[in-house]
Number of protein chains: 2
Amino acid sequence: MAASIIAIDAMGGDYGPRCIVPASVACLAEFPSLHLVLVGQAPLLEELVARIPAVDRQRLQIEHASEVIAMDERPAQALRGKPDASMRVALELVRNGRAQACVSAGNTGALMALSRYVLKTLPGIDRPAMVSAIPTARGHCHLLDLGANVDCSAEHLYQFAVMGAVAAEALGTARPRVALLNVGTEDIKGNQQVKLAANLLQQAEGLNYIGYIEGDGLYRGDADVVVCDGFVGNILLKSSEGLASMISSRMEALFNESLGARIVGVLALPLLRRLRTELTPARHNGASFLGLQGIVIKSHGSAGSDGFQSAIRRALIEVRENLPQRLHGRLEHLLL
Amino acid sequence: MAASIIAIDAMGGDYGPRCIVPASVACLAEFPSLHLVLVGQAPLLEELVARIPAVDRQRLQIEHASEVIAMDERPAQALRGKPDASMRVALELVRNGRAQACVSAGNTGALMALSRYVLKTLPGIDRPAMVSAIPTARGHCHLLDLGANVDCSAEHLYQFAVMGAVAAEALGTARPRVALLNVGTEDIKGNQQVKLAANLLQQAEGLNYIGYIEGDGLYRGDADVVVCDGFVGNILLKSSEGLASMISSRMEALFNESLGARIVGVLALPLLRRLRTELTPARHNGASFLGLQGIVIKSHGSAGSDGFQSAIRRALIEVRENLPQRLHGRLEHLLL
């Protein structure tokens, strides 16, 4: 298998390089054709790497970057003020062809702004979108946008639908069913942008557009790709995470109410844990930025080692599927 | 205790009068000071009432209405074309002072349109909002709007915040913490309407405004009143219902995987069922329309007898608290 080179922004995330470096090195052992470039403060990264036994340094480079973008830094400030930030240098490795994908657990807004600036969007795409696979009763669906674009026109929603469909196909779903998230399934329902986007999607050839979907239909698994603006998508994702977490806690509390319930609880605990991981996909697997001339995966800021490794795996799949190239090819046919 | 008279649209909902009539009559037995007016096709209603033993007909009237609004009828059509619809006649009983509240399980859009037309909004309120109590890790929060208004200006969001706070107070929460639902908690986050609404709320005296809240914060119980436009609120509510239902089913499936798990599952089933009821409050308890010159409770279309009874109980509380009057008094101080 051909080598895949992934640039890692080693300085981002709530836990920083102490979490990211070991997680990245673990992926080297898992994928023999994987090469990594760790980007960040070289002395610190060298020290962290040196602590890990049996690292294959042939497949691990360290690229120095002197600056770090803080998790709460404004995107505009990150864009203008930090030319040598680890996140930016990692993206530049992708632009220069030295890496095929970038993975970062850093500031989402800054990563989106820098990705657009450094890599540029694909022809025909105004704005990249964030997508992640959400669990449903029938498997999973790809939900976008997850928060990169709080205000969206009908054309933006249309572009998200096209990108989501191509990505779902690349990730293994044949003729993905594409739906627009709405407050009802009748034609008269929804705001102006959603109604106009529905008109555009009905006319799109080669797209398996199935109409409107409601919040409960999404979790029933009625569609493979669900499209909404980033305000709605972000609130849906975070409220779902919050609800799943509340349900787990409530179950544990219920299981502690009586001795009988406690015994049941001890037995049920492994099942509950498994469910919790399944139900927080973005926290666990990260999100992909679609519509860029390059692959960028955002690992959740609060993701631990497992989560960061999942993000690297997602990057590897997109590299192997050559997702930006596939998107580019399909967009020429599907975009207006 | 003074008598409370509630008008029941007996013809609405997915199950119609065969569900609504027995549910209503059951409430008469529960609340000795409750009087009901069942509105709909009198011969049918008389027949259904006659089948129930020991009905206190002193406290139960039947008001004939010849027309029924279908669940999928357009609101504009319902408004213009059906002057003698059960829903409309029930609302007119409230306007004429013959009843103090109206409960309907019928078409939500039609109920909102007719409520506005028949009862009118309170001075200073442009649009009524739908509110329901959502379970959180710390109890519950009042979420509005749940879908009555898909496009909202900053002023509308501000009005919803004021109404939500007054309703939460009336229902027993002292100095309710009011938050705006957003994609982040920093000032720069959000769309234009949300940012402008935040400005208005920061200046409002007598309102315990605590700032932005994210989807996960809502379920953590970080606020007592959470405000958003009806598009976002409806999608949050329905996706939460869908997710809760998916988790229950997934738990049951996990509990069936092995004999050991199956035994655990049998023991856990009552806990799971209790949780499912807790987690679908709008389906169970209905939603209240706030901002009208009268009390209107929307019972979920698919609610069974228990759900319809919960909606009647909610109406009774609002009657006892004289919610529209309280709202009117506070709005004069709080609205711009």
Side-chain angles (χ1 to χ4, degrees), chain A residues 72 74-75 109 135-137 147 150-151 181-184 186 188-192 194 214-221 228-251 254-255 257 260-261 263-268 271-272 274-275 278-279, chain B residues 72 74-75 108-109 135-137 147 150-151 181-184 186 188-192 194 214-221 228-251 254-255 257 260-261 263-265 267-268 271-272 274-275 278-279:
Chain A
D72 58 355
R74 295 196 175 210
T136 71
V150 291
D151 285 304
L181 193 60
N182 200 353
V183 296
E186 306 88 357
I188 54 158
K189 290 293 176 76
N191 56 32
Q192 203 56 22
V194 167
E214 295 185 76
D216 47 349
L218 182 155
Y219 279 109
R220 268 200 310 272
C228 59
D229 69 46
F231 194 92
V232 171
N234 183 278
I235 281 166
L236 194 160
L237 185 75
K238 285 187 185 154
S239 63
S240 293
E241 286 184 0
L243 176 58
S245 162
M246 186 188 89
I247 293 177
S248 307
S249 308
R250 190 74 64 99
M251 288 295 284
L254 283 174
F255 283 146
E257 274 184 1
I263 293 167
V264 176
V266 170
L267 298 168
L271 300 181
L272 279 177
R274 207 171 105 193
L275 198 64
E278 274 179 38
L279 292 172
Chain B
D72 57 356
R74 294 194 176 211
T108 308
T136 70
V150 291
D151 285 303
L181 193 59
N182 200 353
V183 296
E186 305 88 357
I188 54 158
K189 289 293 175 76
N191 56 32
Q192 202 57 23
V194 167
E214 295 185 76
D216 47 349
L218 182 154
Y219 280 109
R220 269 201 309 272
C228 58
D229 69 46
F231 194 91
V232 171
N234 183 278
I235 281 166
L236 194 161
L237 186 74
K238 286 187 185 154
S239 62
S240 293
E241 286 183 0
L243 176 59
S245 163
M246 186 188 89
I247 293 177
S248 307
S249 307
R250 190 73 63 98
M251 288 295 283
L254 283 174
F255 284 144
E257 275 184 1
I263 294 167
V264 176
L267 297 168
L271 300 181
L272 280 177
R274 206 171 105 193
L275 197 63
E278 273 181 38
L279 292 172

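In the text below, chain A, chain B and the rest are named by the order of the sequence lines, each starting its count at 1.
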*Atom pair CZ/SG of A:F231 and B:C228 - distance to nearest 0.5 Å*: 8.0 Å
_Between B:G242, B:A137, B:S239, who has the most heavy-atom pairs with chain A when the cutoff is under 4.5 Å?_
B:S239
*For B:R220, enumerate each residue passing the side chain to side chain donor-acceptor pair (under 3.5 Å) test, keeping only those at least two apart in sequence or located in another chain.*
B:D222
_Counting heavy-atom pairs closer than 4.5 Å to chain B, which one of A:I235, A:D229, A:V232, A:V194 comes out on top?_
A:I235
*asked:* Using every non-hydrogen atom in the two residues, find where A:D151 and B:Q192 come nearest and quote the distance to one decimal.
replied: OD2-N, 4.3 Å
_I need the minimum non-hydrogen distance between A:I247 and B:A244, along with the two atoms involved._
CD1-CA, 4.2 Å
*At what distance, to the nearest 0.5 angstrom, does CG of A:L236 lie from NZ of B:K238?*
12.5 Å
*Roughly how far, to the nearest 0.5 Å, is CZ of A:R250 from OG1 of B:T136?*
7.5 Å
_Need one label for B:N191: side chain, backbone, both or neither, based on atoms under 4.5 Å from any heavy atom in chain A._
both
_Residues forming a side chain to side chain donor-acceptor pair (under 3.5 Å) with B:E186, sequence neighbours excluded_ = B:K189
*Provide the closest heavy-atom pair for B:P75 versus A:I188 in the form atom of the first, atom of the second, distance.*
CD-CD1, 4.3 Å
*Specify which of A:L181, A:L218, A:D72 makes the most heavy-atom pairs with chain B at under 4.5 Å.*
A:L181
_Can you tell me which portion of B:N182 sits under 4.5 Å from chain A's heavy atoms? Options are side chain, backbone, both or neither._
both
